[in-house]
Structures are given as structure tokens and as C-alpha cells.
Amino acid sequence: MAVAAALLRRRALYSALASPSWLHDTSSCYICSISGTHSLVNHPNLRLQRGYHNSGKFDLTDLTHPHIWYPNAREKKRNVFLHVGPTNSGKTHNALKRLEASSSELLMNSVGVYCGPLRLLAREVAQRLNKANVPCNLITGQEREEIEGAKHSSVTVEMADMTTEYQCAVIDEIQMVGCRSRGFSFTRALLGLCSDELHVCGDPAVVPLIQRILEPTGDVVTVQYYERLSPLVPLKTTLGSFSNIKAGDCVVTFSRRSIYMLKRRIEMGGKHLCSVVYGSLPPETRTKQATMFNDQDSNLNVLVASDAIGMGLNLNISRIIFSTLEKFDGICNRELTVAEIKQIAGRAGRYGSKFPVGEVTCLNSDHLPLLHSALKSPSPIIERAGLFPTFDVLSLYSRLHGTDFFQPILERFLDKAKLSPDYFIADCEDMLCCGQAKLGSTLVQPRSNAELVQEEAMRNKKPSQLACMQYRNKKVAAIVDELPLGLYDKYLFCLSPVDIRDDISTKGLIQFAENYAKKGIVRLKEIFTPGTLQVPKSHNQLKELESIHKVLELYVWLSFRLEDSYPDRELAASQKSICSMLIEEYLERSGWQQNGRKDFLQKPKRLHQEYDASQLRKYFQEIDVRSK
């Protein structure tokens, strides 16, 4: 009991960095409304709520006016600038130039923030600002890098702070308000950032929706449209033979197995070596693979990738080659949407690169009509933005119903929720199982109504597969609900960044939760033994190592939210880095030389360069640390 009490006291003292403010930032608008709980808080925005609810009592499930959840933002008349255009049009670049300039203006204490969809983008922007002599912190779910004197921050959108007053803020990829699992985080940033200037970047398809949902805020909205800076040419012919692959090409496919199959086939031709990029690779590995592909002095001059290249990586691609225009989205095989095709194809011909003209084609001639049609078509208009209740709202709702079981409370709340036509409730199934989008699944724009109808029809053709997905999606919440945990902890575990389709990751989450429930403290060595990691020798071992990296990443994520209970953050972070290096080592070993002979490095050179002998001897038995 003493341990539990101590943990509760510590949790109450967490700062915004330890617990994202989106868990709590709408609660004050509701707590005053509940009979018997009105004394918990006395919020000045109460009068705004009663303007919409004349009864003097509030319905917790009434989500029809989400803009009033953010009183700090409503006290300002924000100047909102929409920068919209296709990929490679300079819209984000111009918004970031404004963010840079805000730091050098008359306001010496000017505070700014960039909110991006991916850690890779947040890191890239932080590096850019620091290089421009604008000190900038990096804050993501798994990382904290504080720079001395920094008043600007680059964050993943979930970590954005609604209580800080900014002079300039940027939200990138705003079309993700329509994302079925993460859209609510972008809606929250759009409505809640308390900033004099708010620069919002994304696809033109989102403009009407943003104008509608900002209309009641009183914000001044200005729309700036951009055109692509370099031409993108859809070719009239397919690639033909793989002997036609050339330096700067990127072959796009949608499964891990296909990526390595195509890599092998290209390299067997004896002309090229390939970098690979896909969602399951650690972010650090994706960045390094992209860097090697971009390096003119590197032998890795062809890229084989999934739709993970759609955002977050700067790539010098000459030609995009779609191996297929179909993908498995976790439920069924379906055609790519117009938005997905345009986002991926748009990565060719990056402005300012050595390829001034981008080209795009397919392997299969049957796919050319769809490719050409998609590139000529505007993206479907995004009609609704995501919402999701915060922990505080669900906590009060659970008190009213006298239960601490998370799953039934959430399902009951969502069943009763009232929404305006411009909003939807974020996908409960995805939220329960992962709490973040999978790369290559929902990072691009949502499907249109017609496409959703088509997806539903495809779902109906595969009921057993869909039932299996629903079972997997619910099992984490069901298991966590059985543990002796408070509602906050259950909420946190259910929203943690775990891929429920990955058995090792799921088992890691469950064991972390069980050990936390039993002892209140989780040591990394209880689930992971340092010294057992090795360079993979097969694709199956590579996949397993990728899963281990996800478990270590999960521990780091939990350590930032339950710091006293997950004290081994540094160990987990170091092992995570070693995982990335071992994966890179495998990719480096598995290349094919121009004479068709497989190039296995004799020793893990990068490991020797970055870790001293004592570290290597401690963790890797297979490495002779005395050799150079």
C-alpha cells in the first residue's frame, strides 16, 4: 500500500513532459458540471459552457463544441495561415522560415513550436532550427533533448502543450485530422494551440473543413496555395525488365517480404546495391538507410521502400516505380487511394536535388491507367476531423457508473457520444491496441465516402479475418482490465505505442503491465537480458530483432510517463541503439557485389567504431573485440 500511495503522489506531480497534456486538457470544462464533483476545480471558462448548456448541468458525452475545450486559445484572436499544396511545393519550408524569423523579432521572449506527425520530422526540424542558430528542444514520446536557452520546441503532435503561450506555431500534415486513429491529436492542436500566429501545412483537400471548424473560434484564417516546385511526369510505359533500373530509382511495395525479394532481384543484376526503408525498421535505421541512398559516394544508389517514404524523409529520388497499386491495410487487400498514390509519387524529383524532374511508373501495365488517373485527380475532400475523450472525462464518467473497468466505460461513452457533422470519434479499436499510427497505413489522407463504402464491402467478404483483427485489437484492453490497476494506468497502457499485430511487442506490453501491477516497479532485466543480442543471420531473426527494438522503445515511452516505476531508461535506450546498429549491420552484410557474390562483412565495422571493446564484450559474444 505504501508503494502504491507513493506512486500516486508522484504521478500527481508529473509535469507536462512526463504526461502529455492531451490526457487532461479538456477536463476542466466538464468537472464543474458533475454533481458532487464541482469542488474539484473552479475554472473561469464555466460561463462559456453554460452558454451552450442552459440547464446548468453538463452532459459528459456532449462533444458538439470542442473549440470551447481550450479557453487559453479562445482568449486570443489567432492569425491562422493555411499553407496548402502538393508534395514538394515548399509549403512547410515557408512556414518554418516564419518560425525561424519569430525568434529574432522584437519579442525577446518569443516562444515557438513545431508539431509534426513523426519523430523523424520532429528531429529534422529541431536540427534545422539549431543549425540556423535558433535553439530548439526536441520532445517526442520517446525522446527529450533540451538545448540550453531554447524557447522553441519541435514536438510530435501528441506532445504539444496547450497551456503554453506561443508567438508562432506550426502544425505539419494537417490533413491527418481525418486519420481514423490519430486525427484527434491534430484536431486538438488546431483548436487548442495558444499562439498569436498559427501556420498550418497540408493538402488542399482539408481547407473547407478547417475553415468550418475554425469559424466559431473568431480566428482570422488566410489560405495560401502552393504549386509543385519541380515537374512530376507520369511515364506512359512500365519499367519493363529489371535491367532498366537505374541510379536514383525507388521501387515501392507494401510488404516486408516483397521489399527483400525485390532488393535481392535488383542486386542479382550486378549493377546496383539497394537501401531499404519500411515502417518496422527503427527510425534511426530508416534515417541512415535514406542517408546512404542520398550520398553520391555510396554504392547504395537504388531504394526499395514501402509507403513509409510518404513523409518524414528527404530523399533524392529520380523515379518512383510502383510494384503494385494494392496493399494490405490490416483488414484486407485494397487499391491505394488517390491521396496515397499522390503522396508517394510526389517524392520523386525533389526540388534542389540532382534530379530536377521526377518520374513515376509501374511494373504492371494494368496499373498505369489508375496511376495516371490518380495523379490528375484532386485528393478527395476531407469532411470530418477526429475527436477522442481525455482521461479526465472518462474518469468522471467511470465514477458516475461506479466502475474502474476501462474497456466497457470507453465503449459505453463512445456509444453515447454526441458529435457535430464536422467530427468523428477516433477509431476505438486502433486506440485500444496501439495509440499511434503504423507507418505506411494511416499516415496519408483518409479515404473518401465512396472508398469507405468499398472498404466495407471488402470487409464483408472476409468476416473471419475481420473477426480475428477485432479480437487482437481488443485483447490488450481486456487483459489490462483484469489487472489491479487504476483507470489512469489502464488508459496509459492501452494507448501505448505497441503494434498489436506483433506478438513479441504485445507480450512485452502485457508483461510490463503485469509487473507494474504486482510490484509498482519494472526492471528491464525482468523481461530482457542484455548480452543476448546478435547480428541477425536470417530474415526471421531480423524480424525478431525489429520486434525487440519495439519492446525497448515501449519501455522508454513508459519511463517518461511513469518515471519512478520504469527506472532503466538509459539501459533501454542504449540497448535500443545497439538493436539499430545490429539491424544496420545485417543490411550491410546482405548486399550483393557487382560480380553477383554476396558481400558479407568479416566483422561488424560500425559497432567497432561506435562502441569500445568493453561494451562489445559485455553484450556480444560473437564479436572478437580485439580484432580491427
Can a donor-acceptor pair be found, under 3.5 Å and without considering hydrogens, that links the side chain of [X] to the backbone of [Y]?
X: Thr253; Y: Ile259; value: no
X: Glu267; Y: Cys274; value: yes
X: Arg256; Y: Gly279; value: no
X: Arg412; Y: His401; value: no
X: Gln289; Y: Ser275; value: no

- [ ] Just jot down the ring pair (Phe, Tyr, Trp, His ring centres under 6.0 Å) partners of Phe512, sequence neighbours excluded, or say none.
- [x] Tyr555

Open item on the list: Using ring centroids (six-membered ring only for Trp), state whether Phe493 and Tyr516 fall under 6.0 Å.
Closed with: yes

Task: The single option from Leu545, Leu582, Leu542 passing side-chain contact (heavy atoms from CB on, under 4.5 Å) against Val535 - done: Leu582

Task: Residue of the set Lys550, Glu158, Gln142 for which side-chain contact (heavy atoms from CB on, under 4.5 Å) holds with Pro497 - done: Gln142

Open item on the list: Checking ring pair (Phe, Tyr, Trp, His ring centres under 6.0 Å) between Phe406 and each of Tyr488, Tyr491, Phe413, Phe391, which is the one that passes?
Closed with: Tyr491

Task: Distance in Å, Thr287 OG1 paired with Glu124 CD, rounded so as to fall on 0.5 Å steps - done: 9.0 Å

Task: Gap separating the NZ atom of Lys543 from the CD1 atom of Ile504, nearest 0.5 angstrom - done: 9.0 Å

For [X] and [Y], work out which heavy atoms get closest and say how close.
X: Leu63; Y: Trp69; result: CD2-CZ2, 3.7 Å
X: Asp481; Y: Asp404; result: OD1-O, 4.2 Å
X: Tyr586; Y: Pro536; result: CD1-O, 3.1 Å
X: Gly310; Y: Gln343; result: O-NE2, 2.9 Å

TODO: Establish, yes or no, whether the cationic atom of Arg180 lies under 6.0 Å from the six-membered ring centre of Phe424 and within 45° of the ring axis.
DONE: no

Task: Residue list, side chain to side chain contact (heavy atoms under 4.5 Å, CB included) with Lys416, at least two apart or on another chain - done: Thr61, Tyr397

Open item on the list: Quick check: do Leu193 and Met162 have side-chain heavy atoms less than 4.5 Å from each other?
Closed with: yes

Task: side chain to side chain donor-acceptor pair (under 3.5 Å) involving Asn137 - partner list, sequence neighbours excluded - done: none

